[in-house]
Amino acid sequence: MSEERTEGERLAELAKRRGYFFGASGAYGGAAGFYTFGPQGAALKSNVEDAWRDRFTVQEGNFEIEAPTIMPEPVFEASGHLDGFDDMLVECPECGTSHRADHLIEDNTDLEDAESLPIAEVEDLIAEHDLQCPNCGAHLAGEPVEDFNLMFETNIGPGSSTPGYLRPETAQGIFVEFPRIKEYARNSLPFGATQIGRAYRNEISPRKSIVRTREFTQAELEQFVDPERDEPDLDSVRDVEVTLYPATEQGADDGEYVETTVGEAVEEGIVGDAWIGYFLGVAQEWYERVGVDMDRFRFRQHLAGERAHYAADCWDAESEVDGDWIEIAGFAYRGDYDLSKHGEHSDDDFTIFRQFDEPKTVEKSVVDPDMSVLGPEFGGDAADVQSALEELAERDPSAFEDEEVSVTVGGETKIVDADVANFRVEEQTVSGEHITPHVIEPSFGVDRTVYTLLAHAYHEDEVDGETRSYLSLSPAVAPTDVGVFPLVSNVDELVDRSEALVDDLRESGFSVVYDDSGSIGRRYRRQDEVGTPFCVTVDRDGLEDEGPDSVTIRERDTARQVRVPIDALVEELRAVTSGERAFDDLVEAYDLVAPGADS
RNA sequence: GCGCCAGUGGUCCAGUGGUAGGACAGUGGCUUCCCAAGCCACUAGCCCGGGUUCAAUUCCCGGCUGGCGCACCA
């Protein structure tokens, strides 16, 4: 059958030829890591996004936001991307090649983990050891070492006084807006916020078609929960079967998958957190619905060293293409890391007030210093003395038993009369406490999902001794719902009726392609190749036979056809494209048209 | 970023120091009542820059883009 081209090569060729995706800006030589989605690809991607939105936003009762792709520098100082997302590069003065400065040091000295050293020290080390360019041998001493940050930098407004960055993940847009989002959620956990949008990373080396690009689309859900109180609806996915590849199995070459159910995986602790387990189950069903080949799909647990330091547990959804596993989604338990960071760096409140079941009465030691005494006595230090007293009251109430109490302010001991401090123990009613919600983050790569769907949908078979290639895309995501053809194009009545049908179907909400060129077989193959699930053909038999006018509906994957009255067409197409009915049901209900029977 | 390989119509390829040919696809027409048929006509190409040369798509250098391996992937 097909020669030795890989799945990826066939896919790239089909994608270019049929308008799924192609390298962007080709007229000017192109730009690595950027792709344009053509008419088919844009429609497919949009359908994938809609399907994701329906499942992870609408069905979950979450809400979607759309944050800017550019955010000011402090956002990324808080998130850690500014410090933790860069490499140290040194450029050779002779040949102009760039090298990882930390790697040069590690390779040529006994030092390890040079990445964590300050830049000045790295420069000193290069001079001290007289390191040379690995490419041309030139001496690198004295050359500046620069940070290469993987974020795209820009300036907000004129001048360069306000640096901004293109977000490297959509998530920060949600975290940053948490204070407002929580108001919208009426300050009650749990709730989830989603976002579908672009993210940008100035990758050193973009690879593998649309799998690793510099601009890509993510669909992310940030599920905010109270770690002590909130539980997912695990029952709804308890019996969903999943293929797991736990960290413990990945050490050996012959590590084995664990075939189990979501419920068991959580109960046995293979998946450490119920929320993660829940989303694995939801994702499993969603991927199946949009058309991922589940025999080429698994959930892989991150190894301990691979995990971000804040992630308690992390699983990836992976799909297989050309024998390689590619990460198409990540499921991370991020704890309170992100919200805490933004809480520390900004003035806003990133906590939620959690009421106790019953208000608690607590005894609290307080002071209420007489500032009319402290003021004149301590001058500018008065306020500091006050807060030192408050702090001492909480820490050591016994200090107020004597007539005088001493506190240390700015290295000096200050003596205050106990009367002036006005120490007392109060009963306070506390109705709750502020907590920082924990976050479970299912994060989907939309482009990689599209890539997987195309790769898994690509099939070849034989029809009448000829090879045929077709995309078995799910009707849920296929760019076009239905093709409409007159069986032959030189009969006006067939053409007119076909065109009228196109209008009807479009008004009914279908995405329709009309085609009357060449032979009918060629038109079928064309639609097969772009994955249109159904074709409707208007023929003379259907108009001239006794009974109501009828047309044929052809199923893409099997090339079977049934004859359906035109009056029932919209209803039946809606049923089969929504998945409500299988084509087999139509075969039961209507006459099967045998290929070539009429000729 | 490093190393190896590659870049010719829309796609996949052949070829040449004197500016190119096929297959498939596409368009128009003829034919056609069910699966890439046939006939006629047409559209359309040597990645970019520099060098060598009378002459470069071809040879050399650089760049860009792509593939693979390494590295990277917070």
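Everything numeric in this text was worked out from a predicted model, so none of it was measured.
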For [N], take OP1 and OP2 only and decide whether either is under 4.0 Å from a side-chain N or O of [X].
X         : N      : result
Arg522(A) : G26(B) : yes
Ser519(A) : A37(B) : yes
Lys208(A) : C68(B) : yes

Among the candidates [options], find the nucleotide nearest to the side-chain atoms of [X].
X         : options                : value
Arg554(A) : C35(B), C34(B), C2(B)  : C35(B)
Ala32(A)  : U65(B), A71(B), C34(B) : U65(B)
Val488(A) : G66(B), G1(B), U32(B)  : U32(B)
Glu529(A) : A36(B), C34(B), A71(B) : A36(B)

Once you round it to whole Å, what is the distance between [atom2] of [N] and [atom1] of [X]?
X         : N      : atom1 : atom2 : value
Asn490(A) : G38(B) : CG    : C1'   : 15 Å
Leu487(A) : U31(B) : CG    : P     : 16 Å
Phe485(A) : A36(B) : CZ    : P     : 13 Å
Asp324(A) : G69(B) : CG    : C1'   : 12 Å
Glu544(A) : C34(B) : CD    : C1'   : 16 Å
Glu462(A) : C35(B) : CD    : P     : 16 Å
Phe22(A)  : G66(B) : CZ    : C1'   : 16 Å
Arg523(A) : C35(B) : CZ    : P     : 12 Å

What does [X] touch in the nucleic acid at a heavy-atom separation under 4.0 angstrom: a base, only the sugar-phosphate, or nothing?
X         : answer
Ser469(A) : base
Arg207(A) : base
Gly23(A)  : nothing
Ser209(A) : sugar-phosphate
Gly19(A)  : nothing
Asp528(A) : nothing

Fill in: Parallel, tilted or perpendicular: rings of Phe175(A) and His342(A) (30°, 60°)
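If you compare the ring of His342(A) with that of Phe175(A), the planes turn out tilted.
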Report yes or no: is there a donor-acceptor pair, N or O only, under 3.5 Å between the side chain of [X] and the base of [N]?
X         : N      : result
Gln561(A) : C34(B) : yes
Ser489(A) : U32(B) : yes
Ser205(A) : C73(B) : no
Tyr524(A) : C34(B) : yes

According to the Watson-Crick and G-U wobble definitions, with both distances under 3.5 Å, which nucleotide is paired to [N]?
N      : value
U65(B) : A6(B)
A56(B) : none
C70(B) : G1(B)
U32(B) : none
U27(B) : A41(B)

Please give the distance between the [atom1] atoms of [N] and [M] as a whole number of Å.
N      : M      : atom1 : value
C46(B) : C72(B) : P     : 41 Å
A56(B) : C64(B) : P     : 25 Å
G49(B) : G9(B)  : C1'   : 23 Å
C39(B) : A23(B) : P     : 11 Å
U57(B) : C2(B)  : C1'   : 30 Å
G1(B)  : A37(B) : P     : 46 Å
U43(B) : C47(B) : C1'   : 22 Å
U58(B) : G7(B)  : C1'   : 13 Å

Would you please say whether a donor-acceptor pair under 3.5 Å links the side chains of [X] and [Y]?
X         : Y         : answer
Ser550(A) : Arg563(A) : yes
Glu460(A) : Ser469(A) : no
Ser79(A)  : Lys341(A) : no
Glu588(A) : Tyr590(A) : no
Tyr165(A) : Glu73(A)  : yes

Discussion item. To the closest 0.5 Å, what do you measure between CZ (Arg522(A)) and OG (Ser517(A))?
Written reply: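 The CZ atom of Arg522(A) sits 7.5 Å away from the OG atom of Ser517(A).
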Report all interatomic pairs (protein N or O, nucleotide N or O of nucleotides 10-12 of chain B) with separations under 3.5 Å.
residue : atom : partner  : partner atom : Å
U11(B)  : O2'  : Glu13(A) : OE2          : 2.5

Item to complete: Give the intermediate values and the outcome of ring pair (Phe, Tyr, Trp, His ring centres under 6.0 Å) for residues Phe22(A) and Tyr20(A).
Response: CA-CA 7 Å; Phe22(A) 46 86; Tyr20(A) 274 99; over 10 Å; no
Worksheet item: Pairs in or reaching into residues 511-533 of chain A: which pass ring pair (Phe, Tyr, Trp, His ring centres under 6.0 Å), with residues at least two apart or in two chains?
Response: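 Every ring pair (Phe, Tyr, Trp, His ring centres under 6.0 Å) pair that includes a residue of residues 511-533 of chain A, provided the two are not neighbours, is Phe485(A)-Tyr524(A).
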Worksheet item: Is the distance between the ring centroids of Tyr333(A) and Phe331(A) under 6.0 Å?
Response: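 That pair fails the under 6.0 Å test.
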Worksheet item: When you match Arg212(A) and Tyr28(A) each to their closest nucleotide on RNA chain B, which lands nearer the 5' end?
Response: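 With Arg212(A) and Tyr28(A) compared, the 5'-side residue is Tyr28(A).
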Item to complete: Please tell me which of Gly33(A) and Val551(A) maps to the more 5' nucleotide of RNA chain B, matching each residue to the nucleotide holding its nearest heavy atom.
Response: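 That would be Val551(A).
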Practice prompt. Run the salt-bridge test on Asp447(A) and Arg198(A) with the 4.0 Å N-O cut-off and return the result as yes or no.
Written response: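 Salt bridge absent between Asp447(A) and Arg198(A).
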